[in-house]
Structures are given as C-alpha cells and as structure tokens.
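First the structure, in the form of structure tokens, and then the observations on it.
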Amino acid sequence: MKIAFYAPLKAPDHPVPSGDREMGRLLIRALETAGFRVSVASTLRAFTPEPDLMPKLRQAADAEKARLMQVWTQTGKPDLWFTYHPYYKAPDLLGPDLARHFDIPYVTAEASYSPRRDRQGWAAAQAWVRDAITLARLNLCFTDRDRDGLGRAVPGGRFASLVPFIDTAAFADGFAEPAGRNLMTVAMMRKGDKFASFTMLAKALALLPDLPWHLSVIGDGPVRRETIALFAGLPRERFDWRGELAPDAVPSALRKGGIYVWPGCGEAYGLAYLEAQAAGMPVVAQATAGVPAVVEHGRTGLLTPDGDVAAYAAAIRDLFSDDAKRKAYGQAARSFVLDERALAPASRRLAQLLKDALA
C-alpha cells in the first residue's frame, strides 16, 4: 500500500528540532516497518499564528492541491492519505479535498479540536479540522484527553488509541542500572508552556536548598538568557547548561541522569519523557494535559497536581532521598518504554488499526 504522508505543522525534514517533527518521523518509520510504502506528499507548512492570515494560506494550499492533482493524474494516486497533527493553527488544507477527488481513504493522527478557539477567531480554521475528523476513516488519538475532545466535537467520528512511542534502538545498551541523583531535563527554551515549566522548576528547586542536587539542562532557544535568569537566585555551581545537542547525542547524555525533572505545563505528552525513562530515569512531572499518557504515577515516576509548586518540590525530595524507590522506579521506567512504548509494538498496532479501518 502506498501512503501519502502529510504534516501541516512541520514537515519531517523541517530544520527546527521539536517533538512534533520527531513524532512525524516516528510515524513514518512505524508505517515503513509495517511494510507500507510511505512518501511525504507535501512540505507545505499550513501554519498561521493569526486567523487573519488564513486566506493567504488557503491560496498557497490551492496551488499545492493543483500540483498534486496533476502529478497523481500522470503517475498514479496513492492508496491512502495520512495526516499528522492537524489543529486550529495548522489544519489540513490539502488531504480532505484530494482524498475526495481521488476516492482514497483518509486518516489522521493526533488531530485536536478546541471549541473555545471558535470564540477566538479560529472558527473557519476549526471547520477544516472538524471536516477532516469527520471524513477520516480512522482518527488515531495519542491520549484519552484528545480522544474525548474529538468525540465531543464529532460524535460520529471513528477513533482509536495509539499510545505515544519512540525508537528505543539507541537505548538498548549501557542503561542497565539507573544513575545516581543528578537531576536532568531536556527542553527547548521558548516562550509559552516551555518557559512556564522552567519557571515552575526554578521555584521548586528554590524550596530544596538543603538537598545536594545538581541540574543538567539540555536544550537551547530564543529565550535562553531569560530562562537561565529564572535560576539566578540559586548557586551557579549547581547547574550545567549544556545547550542543544544533536539528537543522536541525547541518549548517551541521558546516561548521566538520575531523576528527570520537567513539570510539563501544557505538554501534549512529551517524547522526552519516554526517552528519559528508556535511559532508566524516573520522572517527576505534573498530572496535567497529556503527561499521564507517558508517565505512570507510582510506577515510573511521580505526578503532582497541576500548578502546585510545593507538591512538585516534595516529589523531587521524595525520589532524591529514597535510593530504593528511585532505583525501583527507574528500572520500571526503562521496562515500561522498552516493552510497551517501542517502535516495534507501535508498528504492529498501527498496521492492525489501519487494516481494520480499511476492511
């Protein structure tokens, strides 16, 4: 089966690293592992930061649809269109029309719909998202939160769960035992939810002056200076600002971690949590947004109430001070990802879901 893959927010070859780009690449790998022939249908970035810019984006999309129609008429159409992560700022302006025109099945993964955005000027864009969800032979949902939201928006939609996963090949060796108590996090430094998480982490660490913690931070971004300033009231020698690392260098860097600390404000789910757990690190995060989909409270980490800085600091203290619990959680975290959230089982699950949906 030939699959036309499209990611309206970020194409798989987008130059800026992100969890969104990585998940797109992982889906392609999972599909190819299952035996499908996958090609990126388009690299058109259908993203707009303001709803007023949507008409201009529509013009570009119309031109791209015309191009694809011409190409497919000459070379043959794909057997299925697969769109990853359509949402109000990046709706799929290509796939639904092309799927209807060529009479091919349409599938989405990680689509999201928020009724409150209709009241914020995004009603037209959200109509495109709702149309895609309605048309889809299958909507793959990575979290219960997303599935519930889509079900309310499109009661007759066809939904199935596909849990977030990573390629664990780089974590196969050298991670048998969790490391010590070194705190670690991996995150981009940008405004919004990422900065909010750094802010909460700084406040929590300020409540732990009696513990001999050390924090290693992997990541960079446009607000690096402002991010580091959040921790200015804490001893400089307790921090190692490592900057951005190449993706293939991250697994080995994670070997030096002991506890993964990232509050996860507004986190869709967070592939970095899975990578940290694959490296044998227990996680301290908030029980918010999609985080519970990738961290199991009381088994692979501790999840604290949303926005409760004191509870978050207490959870860090708990794992930091209890060697047996930290080791047990770290081992469970590694087993959880390698056994349940690896590429191979995800590929099998994805293949079966597509087979059932297209039967």
Side-chain angles (χ1 to χ4, degrees), residues 19 22-23 25-27 29-30 33 109-110 140-147 160-187 197 218 247 250-264 267-304 312 315-316 318-320 322-350 352-353:
E22 181 59 21
M23 192 69 246
R25 292 177 173 182
L26 284 166
L27 283 168
R29 214 171 304 161
T33 300
E110 203 184 339
L140 296 165
C141 305
F142 291 168
T143 69
D144 291 340
R145 177 194 185 208
D146 283 348
R147 183 168 182 164
S161 296
L162 178 70
V163 293
F165 63 94
I166 61 171
D167 186 345
T168 58
F171 298 91
D173 301 313
F175 298 91
E177 289 290 339
R181 299 184 295 182
N182 183 43
L183 308 182
M184 181 168 284
T185 197
V186 181
S197 280
I218 297 173
V250 172
S252 60
L254 292 175
R255 293 181 183 181
K256 300 178 181 179
I259 305 171
Y260 191 79
V261 290
W262 184 244
E267 200 76 59
Y269 41 87
L271 294 180
Y273 288 122
L274 293 177
E275 292 179 342
Q277 291 173 100
M281 272 190 283
V283 170
V284 180
Q286 296 178 99
T288 187
V291 177
V294 290
V295 180
E296 297 199 346
H297 176 69
R299 178 191 173 201
T300 70
L302 296 174
L303 300 179
T304 62
Y312 190 78
I316 295 176
D318 186 4
L319 284 182
F320 192 93
D322 191 329
D323 292 344
K325 179 184 284 190
R326 188 175 65 254
K327 182 176 181 179
Y329 279 25
Q331 290 174 337
R334 180 165 163 78
S335 297
F336 164 62
V337 177
L338 269 60
D339 296 343
E340 303 176 35
R341 300 304 181 88
L343 179 64
S347 178
R348 291 192 294 269
R349 167 74 172 163
L350 182 54
Q352 188 61 52
L353 289 173

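Index from 1, following the sequence. All values derive from a computational prediction rather than experimental measurement. Just so it is clear, the values below take in all heavy atoms, side chains as well, and ignore hydrogens, waters and symmetry mates.
Remark: Leu140 CG to Leu350 CG distance equals 6.0 Å, nearest 0.5 Å. To the nearest 0.5 Å, atoms CZ (Arg326) and CD1 (Ile259) are separated by 5.5 Å. Between atom CG of residue Leu319 and atom CG of residue Leu302 there is a gap of 4.5 Å, rounded to the nearest 0.5 Å. Rounding to the nearest 0.5 Å places OH of Tyr329 at 8.5 Å from CG of Asp322. Summarising the geometry, atom CZ belonging to Arg29 is positioned 6.5 Å from atom CG belonging to Leu343; distances are rounded to the nearest 0.5 Å. The OG atom of Ser347 lies 11.5 Å from the CG atom of Leu26; values are rounded to the nearest 0.5 Å.
Residues that satisfy the side-chain hydrogen bond (donor to acceptor under 3.5 Å, both in side chains) test with Ser161, not counting sequence neighbours, are Arg147. In this view, Asp144 satisfies the side-chain hydrogen bond (donor to acceptor under 3.5 Å, both in side chains) rule with no residue, not counting sequence neighbours. Residues satisfying the side-chain hydrogen bond (donor to acceptor under 3.5 Å, both in side chains) test with Arg299, not counting sequence neighbours, are Glu296, Glu340. Qualifying side-chain contact (heavy atoms from CB on, under 4.5 Å) partners for Ala346, counting only residues two or more places apart in sequence or in other chains: Phe165. Partners of Glu110 according to the side-chain hydrogen bond (donor to acceptor under 3.5 Å, both in side chains) rule, which considers only residues two or more places apart in sequence or in another chain, are Tyr84, Tyr269.
Applying the salt bridge (Lys or Arg N to Asp or Glu O under 4.0 Å) rule to pairs touching residues 272-283 yields nothing, sequence neighbours excluded.
Nearest approach of Pro251 to Pro247, heavy atoms of both residues: CD-O, 3.3 Å. When all heavy atoms of Ala315 and Val284 are compared, the pair lying nearest together is CB-CG1, 3.7 Å. Between Leu353 and Ala160, the shortest heavy-atom distance links the atoms CD2-CB, 3.7 Å. For the residue pair Ala293 and Pro164, the shortest heavy atom distance occurs at O-CD, 4.4 Å. Nearest heavy atom pair, residue Pro292 against residue Leu303, reads CA-CD1, 4.1 Å. Counting all heavy atoms, side chain and backbone alike, Thr143 lies closest to Ala268 at CG2-O, 3.8 Å.
A donor-acceptor contact shorter than 3.5 Å is absent between the side chain of Asp146 and the backbone of Cys141. The backbone N or O of Val186 sits less than 3.5 Å from a side-chain atom of Tyr260, completing a donor-acceptor pair. Although no hydrogens or angles enter the test, the distance criterion places no donor-acceptor pair under 3.5 Å between the side chain of Gln352 and the main chain of Arg348. Judged purely by atom type and a 3.5 angstrom limit, Arg334 uses its side chain to pair as donor or acceptor with the backbone of Ala278.
Val283 places none of its side-chain heavy atoms less than 4.5 Å from the side chain of Trp262. Between Val337 and Thr300, every side-chain heavy-atom pair lies at or beyond the 4.5 Å cut-off.
Here the options are Ile166, Thr168, Leu271, Leu274, the test is side chain to side chain contact (heavy atoms under 4.5 Å, CB included), and the partner is Arg341; only Leu274 passes.
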May I have the step-by-step check of side chain to side chain contact (heavy atoms under 4.5 Å, CB included) for Gln286 and Val291, ending in yes or no? CA-CA 7 Å; Gln286 296 178 99; Val291 177; 5.9 Å; no
